[in-house]
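To keep things clear, I will list the structure first and then write my remarks on it.
Positions are given from 1, in the same order as the sequence printed here.
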Amino acid sequence: MTPDALTRGRPLRPPWAGPLGLHHPGDSVVHRLPATAKLLLLALTGVAVVLPAGPSVAAAGLGVVVLVTALARVPWHRTTRGLLPVLVTAVVLAAYQTWVRGPALGAEVALDLLTLVLAGALVTATTRADDLLAVVTRAARPLRHVGLAPETVALTVGLFLRTVPVLVQVVGESRDAARARGLDRDPRAVVVPAAVRMVGHARTTGDALAARGLAD
């Protein structure tokens, strides 16, 4: 069965570009903020969501993030792409916390999770990848004292984030191939090909780094 036959009658989903592929150019106030300031605000948001404040405060925080996203004029399909697993996780966490500690805490945990994920998506949507990695390089400068170059840290972070969408794409293609062979219920038909392809991708990346003198 050909790939065209597999996808005929179904819209093709665009491949997920990963955290560094969601940048949406613009000239809003949020876009013009320095990358350092946005990452600091994101860190403060992460600290704020772990502080117990009640579901009403958590809902207000989520509303602020949604409002800022609208102010940045970022297309919602970019911000919410891949949000379904987060919603499922939030529902599961809310159900568990409701069972263990009550509905108020359950709602707060779910709202805090959504707030943090949307805030992170907003940062990547309004900040160029190079700017984010430049901040990582500056933040890693103290590591020079222990013999670790900041550029190496930034390269490692960049490679990791670039690998995530590759992994998502490889798993999706392996699942489609297994479904074409009638093996979609066999985990090995998905895991083994995906693992082999990711090992190949890692070797190719390593060879490319070695060719540029970055193997160490």
Side-chain angles (χ1 to χ4, degrees), residues 1-25 42 62 65-66 69 72 74-99 106-107 109-130 132-133 155-211:
M1 185 177 294
T2 64
D4 291 339
L6 286 174
T7 58
R8 188 178 295 122
R10 293 183 301 166
L12 289 174
R13 291 179 300 174
W16 183 54
L20 294 184
L22 294 177
H23 177 242
H24 179 71
L42 180 61
L62 179 59
V65 173
V66 171
T69 302
V74 176
W76 281 105
H77 73 274
R78 288 178 176 265
T79 307
T80 59
R81 184 180 300 175
L83 194 59
L84 181 58
V86 179
L87 289 173
V88 173
T89 302
V91 170
V92 172
L93 286 175
Y96 175 75
Q97 293 294 340
T98 298
W99 177 54
V109 168
L111 292 170
D112 284 345
L113 176 61
L114 292 175
T115 299
L116 191 56
V117 171
L118 286 177
L122 175 61
V123 170
T124 57
T126 58
T127 314
R128 295 174 59 248
D130 292 343
L132 290 174
L133 294 180
L155 176 63
T156 302
V157 173
L159 287 175
F160 170 74
L161 294 176
R162 295 291 188 187
T163 301
V164 173
V166 174
L167 177 60
V168 172
Q169 181 179 357
V170 166
V171 171
E173 291 175 353
S174 299
R175 186 183 298 115
D176 290 341
R179 186 180 299 115
R181 299 194 303 271
L183 299 174
D184 50 314
R185 295 184 179 275
D186 185 356
R188 293 173 298 178
V190 177
V191 174
V192 174
V196 171
R197 289 184 59 183
M198 288 307 300
V199 170
H201 173 76
R203 291 176 63 90
T204 302
T205 303
D207 291 342
L209 293 175

*So which heavy atom on Ala110 is nearest to which on Ala94, and how close?*
CB-CB, 3.9 Å
_Which heavy atom of Val190 sits nearest to which heavy atom of Ser174, and what is that distance?_
O-CB, 3.7 Å
*asked:* Using a 3.5 Å distance criterion without hydrogens, assess whether the side chain of Thr127 forms a donor-acceptor pair with backbone atoms of Thr124.
replied: no
*Of all the heavy-atom pairs spanning Thr126 and Ala72, show the shortest one and how long it is.*
CG2-CB, 4.0 Å
*Roughly how far apart are Met198 CE and Thr205 OG1, rounded to 0.5 Å?*
8.0 Å
_Can you confirm whether Leu118 sits close enough to Thr69 that some side-chain heavy atom of one is under 4.5 Å from a side-chain heavy atom of the other?_
no
_Closest contact, heavy atoms only, Leu87 versus Leu114_ = CD2-CD2, 3.6 Å
*Quick one: closest heavy-atom pair of Leu42 and Gly120, and the distance?*
CD1-N, 3.7 Å
_Distance, nearest 0.5 Å, that separates CG of Leu62 from CG of Leu116_ = 11.0 Å
*Does some side-chain heavy atom of Leu132 sit less than 4.5 Å from a side-chain heavy atom of Val123?*
yes
*asked:* Taking CZ in Arg188 as the centre, count heavy atoms belonging to other residues, nucleotides or ligands within less than 6.0 Å. Is the count above 12?
replied: no
*Minimum heavy-atom separation for Val171 to Ala194, with atom names?*
CG2-CB, 4.3 Å
